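Single-structure report; data block below.
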Amino acid sequence: MREILFKAKRKDNGKWVEGDAIHEPIGMSIRHEKNGMSVRVPVDPDTLCQYTGLTDKNGQKIWENDIVRNEEGDIGVVQWFEEHAAFMIWNKTKNCVCYLAENDFSKIEIVGNEFDNPELLEVE
């Protein structure tokens with residue numbers, strides 16, 4: 001079974017936090033474990049990303065909105081496509097979309113994300 005996990009940027013310091021996403025009347029929070037206790041942290045809902053259940057060639061978790069590079073040097077961004085009910089990679093270099101599962105993850109590397117590294121998506 002795939003692990004359901006989210007991450008988002010904390011409102012207080014802008015750092016990423018991983019855990020369960022909670023929509024509360026006061027806004028979005030992430031619940032995570034800290035020193036053996038469950039802690040809720042208010043987050044910016046615009047930065048909420050879901051874990052795809054996959055890892056790249058370095059063993060890093062692949063998240064929605066991650067920017068990835070393949071062995072050919074193509075740059076792409078991981079996105080959820082509602083019409084396909086799947087995470088896919090929008091290849092900015094070749095201007096095409098491919099299913100995430102069609103990729104050999106031993107050849108894909110996370111190089112950043114849309115929030116921290118938008119300049120990586122400026123492909124000619």
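Treat the numbers as computed from the prediction; the structure is a model and nothing was measured.
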Short question: side chain of [X], backbone of [Y] - any donor-acceptor pair under 3.5 Å?
X	Y	answer
Glu64	Gln50	yes
Lys9	Asp44	no
Asn117	Leu120	no
Asn58	Gln60	no

Mind listing the closest non-hydrogen atom pair of [X] and [Y] along with its distance?
X	Y	result
Gly19	His32	CA-CB, 4.4 Å
Arg40	Ser29	CB-CB, 4.5 Å
Ile75	Arg69	CD1-CB, 4.0 Å
Asp116	Trp16	OD2-NE1, 2.8 Å
Cys49	Asn65	SG-ND2, 3.4 Å

**Asked** Where does the angle between the aromatic ring planes of Tyr51 and Trp63 fall among parallel (under 30°), tilted (30 to 60°) and perpendicular (over 60°)?
**Response** tilted
**Prompt:** Should Val111 and Leu121 be counted in the same cluster of Ile, Leu, Val, Met, Phe, Trp and Tyr side chains packed under 4.5 Å apart?
**Reply:** yes
[X] side, atom [atom1]; [Y] side, atom [atom2] - distance, nearest 0.5 Å:
X	Y	atom1	atom2	answer
Lys61	Glu18	NZ	CD	4.5 Å
Glu122	Lys92	CD	NZ	8.0 Å
Arg31	Glu24	CZ	CD	9.5 Å

**Side-chain donor-acceptor pair present, Glu82, Trp80, cut-off under 3.5 Å** = yes
**Prompt:** Less than 4.5 Å apart, any side-chain heavy atom of Cys98 and any of Met88?
**Reply:** no
**Request:** Taking the side chain as every heavy atom from C-beta outward, state whether Val78 and Ile62 have any pair of such atoms under 4.5 Å apart.
**Result:**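 Counting from C-beta outward, Val78 and Ile62 do come under 4.5 Å.
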**Request:** Using side chain to side chain contact (heavy atoms under 4.5 Å, CB included) as the criterion, point out the one residue from Asp56, Ile89, Val77, Asn113 that pairs with Asp66.
**Result:** Asn113
**Message:** Would you say that more than 12 heavy atoms from the other residues, nucleotides or ligands in this model lie under 6.0 Å from the NE2 of His23, or not?
**Reply:**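 Atom NE2 in His23 is not crowded, with 12 or fewer foreign heavy atoms closer than 6.0 Å.
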**Message:** Suppose clustering is done on Ile, Leu, Val, Met, Phe, Trp and Tyr with side-chain heavy atoms closer than 4.5 Å. Which residues sit in the same group as Ile30?
**Reply:**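 Taking Ile, Leu, Val, Met, Phe, Trp and Tyr as members, Ile30 shares its hydrophobic cluster with Ile4, Phe6, Val17, Met28, Val43, Leu48.
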**Those residues that, when tested against Trp90, pass ring pair (Phe, Tyr, Trp, His ring centres under 6.0 Å) (two or more places apart)** =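 With neighbours one apart ignored, the set is empty.
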**Message:** Can you list everything that forms a side chain to side chain donor-acceptor pair (under 3.5 Å) with Lys107? Sequence neighbours excluded, please.
**Reply:**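 Once residues adjacent in sequence are excluded, Lys107 has no partner under the side chain to side chain donor-acceptor pair (under 3.5 Å) criterion.
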